[in-house]
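A short worksheet on the structure shown next.
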2 protein chains.
Amino acid sequence: MKNVADLAGVGVKTVSRVINQERYVSADTIARVMRAAEQLQYQPDVQAGNLRRADRRTDTLGLLVGSVANPFSAAVHRAVEDAAIQRHVAVFASSLDDDPERERASVEAFLRRRVDGLILTTIQRSQAYLGPQLEQGMPVVFVDRKPNGLIADTVLTDNLEGAARGTRHLLAAGHRRIAFLGDSEEIYTAKERKRGYLDALRLEGVAPDPRLVIENLGEEAQAELAVNELLALDDPPTAIFSAQNLITIGAIIALRAQGASERVALVGFDDVPMASLLSPAVTVVAQDPSAIGAIAARRIFERLDGESEPARDFIVPTRLIKRGSGEIRPA
Amino acid sequence: MKNVADLAGVGVKTVSRVINQERYVSADTIARVMRAAEQLQYQPDVQAGNLRRADRRTDTLGLLVGSVANPFSAAVHRAVEDAAIQRHVAVFASSLDDDPERERASVEAFLRRRVDGLILTTIQRSQAYLGPQLEQGMPVVFVDRKPNGLIADTVLTDNLEGAARGTRHLLAAGHRRIAFLGDSEEIYTAKERKRGYLDALRLEGVAPDPRLVIENLGEEAQAELAVNELLALDDPPTAIFSAQNLITIGAIIALRAQGASERVALVGFDDVPMASLLSPAVTVVAQDPSAIGAIAARRIFERLDGESEPARDFIVPTRLIKRGSGEIRPA
DNA sequence: CGCGTTTATGACATCGTTATCAGAAAGTGG
DNA sequence: CCACTTTCTGATAACGATGTCATAAACGCG
């Protein structure tokens with residue numbers, strides 16, 4: 001900046017004024033400074049500016065997701081980015097990989113870089129460590145999972161109602177023996193989805209069969225095994241409600257291997273890539289990661305703009321997409 | 001930092017020494033400072049430190065990709081992140097969306113934040129605007145596409161050989177009328193893949209039929225139309241080589257709608273999600289985005305560590321994954 | 001014990017920018 | 001023409017950290 005000032009024959013403060021488009025600079029001076037800046041390829045150093053600037057904004061956001069390579073997270077990321085770019089805010093994205101250690105490390109890395117706000121998918125038992133930041137007024141929005149030990153804005157898929165809806169869809173098709181395949185019991189979303197499944201059964205007066213409820217399926221292969229076992233039962237389920245993405249894929253593989261994919265109905269929670277090109281095409285309760293990201297970003301910026309109402313939850317509705325596998329009727 | 005120093009009863013410089021684990025601090029002092037830092041929840045401001053620090057590193061990288069929501073880009077991103085995190089480097093990711101305006105804006109945003117290096121998938125006609133940065137020694141690695149008007153490290157999929165390999169695979173199955181479906185002619189990768197296709201035909205002594213070469217397919221729907229037209233020809237192709245992801249999906253949809261998916265062979269360039277669960281399962285020439293990201297990141301860090309050999313290209317090989325659709329023989 | 005070396009510490013300048021303030025120049029109204 | 005406001009400009013301090021340098025205490029060794 002000094003160099004630009006010297007070249008333009010003005011003081012540094014005047015250059016600063018031109019760069020920040022402040023008032024009270026003559027047209028002639030603006031032109032001279034712009035020319036000098038152009039000539040020297042000058043790019044202001046935002047970080048240095050933020051050091052002194054009154055609002056201390058870094059125009060930077062931290063985003064912590066499961067994995068940037070996971071389609072759900074990637075869609076959230078994209079929506080956040082689209083909102084951020086309009087305000088010239090850059091986004092640090094970091095992957096969590098269900099590793100509590102990495103959660104802490106990433107959040108610390110964000111804080112050391114003085115991000116203006118945080119959007120977090122968390123895994124740790126407690127997020128109380130963020131208390132001081134919240135008290136200091138840093139906007140923090142949790143996404144997909146509720147924080148523990150902390151009250152903060154949270155954007156959630158309507159897991160309960162979505163799971164209930166998917167289950168009701170199978171019930172409406174006439175199924176009574178509907179299996180549930182779920183993720184680790186410790187995950188908030190997994191618990192909610194299971195609750196939705198049970199609620200829907202109860203409302204219809206169907207007693208849940210514990211042998212049909214299988215949880216703690218972490219990956220495809222485990223889901224495959226689970227389905228194999230279900231089909232080997234004396235009175236196997238006529239339908240499956242799969243409460244997560246990868247589990248749904250595992251179920252598809254197993255059903256197909258057993259030649260049961262045209263006979264046993266399947267509804268999955270969370271959309272599956274290429275679902276409409278599979279046969280049968282997969283009926284799902286789709287989440288809306290794009291909306292989730294957009295709402296989270298909107299909230300962050302509202303807070304930055306001074307909104308101070310108490311923290312609240314934002315519930316994003318799901319959408320039932322009928323494609324075929326969920327419309328199979330019991331024999 | 002001042003506060004920590006006061007609380008610990010030492011000078012700021014001593015706190016700085018403790019934080020940066022410099023030599024010549026007594027164990028007792030270290031303990032006192034650590035305790036004070038803990039108590040005040042002190043997080044050093046990296047940006048402020050970098051202002052004065054000799055190497056002027058911000059421990060920050062800029063990554064510009066097609067879209068963070070696109071699986072290929074997301075895999076590259078993930079690989080870069082994994083390499084970066086080991087060095088406590090944070091990554092700014094930005095989506096390009098084939099918008100030259102956005103390319104410039106994002107790169108400027110990165111530069112204003114003084115990133116240590118750039119990893120770029122570019123779209124602009126020329127990247128000469130990065131000349132000054134390169135000369136100043138900022139590491140810049142281009143990914144997936146060669147830069148124009150600039151010499152810099154570049155990581156590329158072996159598009160030419162990959163496309164040739166896919167085409168040879170179809171030739172080996174006995175096909176002679178092999179259609180080519182390609183992306184916009186202006187894209188570097190599209191050109192290379194077409195060249196690979198033509199080379200393979202030539203080597204086998206098959207004269208390319210211009211009616212079977214269709215380019216400028218930007219999206220699925222266009223690919224679908226193109227396949228419909230191909231199948232309507234007097235002597236339609238017995239096989240299709242699709243040079244890009246979305247085009248392959250469009251082709252699958254069209255082949256299926258025409259009831260031709262079991263008859264007309266298909267090999268796609270770039271893997272397709274769930275490809276093995278489709279029927280027929282899709283044979284592809286897979287790229288290795290993870291390797292691409294890892295190599296790009298490695299190169300950035302090598303350069304930051306002082307490596308100064310001339311810029312070079314890194315060619316990442318492809319892998320032919322036979323799944324069924326590419327092994328269909330001509331009637 | 002004396003002298004050189006190593007260890008330990010803090011004062012101060014500095015990085016690139018913006019905030020504050022002072023002051024000059026130009027315009028406005030009576 | 002004078003007082004008063006508005007416009008325009010730059011000197012200087014400050015932001016939160018590190019680099020440099022000076023100084024003092026502790027240590028090692030003949």
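In what follows, chains carry the letters A, B, and so on, assigned in the order in which the sequence lines appear, proteins first and then strands, with residues in each chain numbered from 1. Hydrogens, waters and symmetry mates are skipped; everything else that's a heavy atom, side chains included, is used.
Partners of B/T157 under the side-chain hydrogen bond (donor to acceptor under 3.5 Å, both in side chains) rule, at least two apart in sequence or in another chain, are B/Q287. The side chain to side chain contact (heavy atoms under 4.5 Å, CB included) check on A/S126 picks up A/A128, with sequence neighbours excluded. Residues satisfying the salt bridge (charged side-chain N to carboxylate O under 4.0 Å, His left out) criterion with A/E302, sequence neighbours excluded, are A/R298, A/R299. By the side chain to side chain contact (heavy atoms under 4.5 Å, CB included) test, A/R53 is found to be paired with A/N20, A/N50, A/D55, residues two or more places apart in sequence or in another chain being considered. A search for ring-ring contact (aromatic ring centres under 6.0 Å, His included) contacts involving A/F301 returns nothing, not counting sequence neighbours.
For C/dA8, neither phosphate oxygen OP1 nor OP2 lies less than 4.0 angstrom from any side-chain nitrogen or oxygen of B/Y24. Side-chain nitrogen and oxygen atoms of A/T14 include at least one within less than 4.0 Å of the OP1 or OP2 phosphate oxygen of D/dG10.
In this structure, the helix from C/dC1-D/dG30 to C/dG30-D/dC1 shows an angle of 30° between the axis at its start and the axis at its end, each fitted on 5 base pairs and rounded to 10°.
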Under 3.5 Å, which donor-acceptor pairs link side chains of residues 36-49 of chain B to any protein atom two or more places apart or in another chain?
unit_1	atom_1	unit_2	atom_2	d
B/D45	OD1	B/Q47	N	2.9
B/D45	OD1	B/A48	N	3.0

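Here the P atom of nucleotide D/dT9 and the CZ atom of A/R23 are 14 Å apart, to the nearest Å.
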With 3.5 Å as the limit, what N/O pairs link the protein to nucleotides 13-23 of chain C?
unit_1	atom_1	unit_2	atom_2	d
C/dT14	O2	B/R52	NE	2.4
C/dC15	O2	B/R52	N	3.4
C/dG16	N2	A/A48	O	3.2
C/dT17	OP1	A/Y42	OH	2.9
C/dT17	OP1	A/D45	N	2.7
C/dT17	OP2	A/M1	N	3.0
C/dT17	OP2	A/Y42	OH	3.3
C/dT18	OP1	A/N20	OD1	3.3
C/dT18	OP1	A/N20	ND2	2.7
C/dT18	OP2	A/S16	OG	2.5
C/dT18	OP2	A/N20	ND2	3.4
C/dA19	OP1	A/A54	N	3.4
C/dA19	O4'	A/R52	NH1	3.4
C/dA19	N7	A/K13	NZ	3.3

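Legend: salt bridge (charged side-chain N to carboxylate O under 4.0 Å, His left out) pairs involving residues 122-151 of chain A, not counting sequence neighbours, sorted by first then second residue: A/K146-A/D313. The ring pair (Phe, Tyr, Trp, His ring centres under 6.0 Å) pairs that include a residue from residues 71-127 of chain B are A/H77-B/H77, A/F92-B/F92, where partners are two or more places apart or lie in different chains. Within the structure, every pair that satisfies the salt bridge (charged side-chain N to carboxylate O under 4.0 Å, His left out) test and touches residues 82-96 of chain A, not counting sequence neighbours, is listed here: A/R78-A/D82, A/D82-B/R102, A/R87-A/D305.
For the pair B/R17 and B/Y24, the NZ or CZ position fails the cation-pi test of under 6.0 Å to the six-membered ring centre and within 45 degrees of the ring normal.
Within residues 25-37 of chain B, the residues having any heavy atom under 4.0 Å from DNA chain C are, by residue number, B/V25, B/S26, B/T29.
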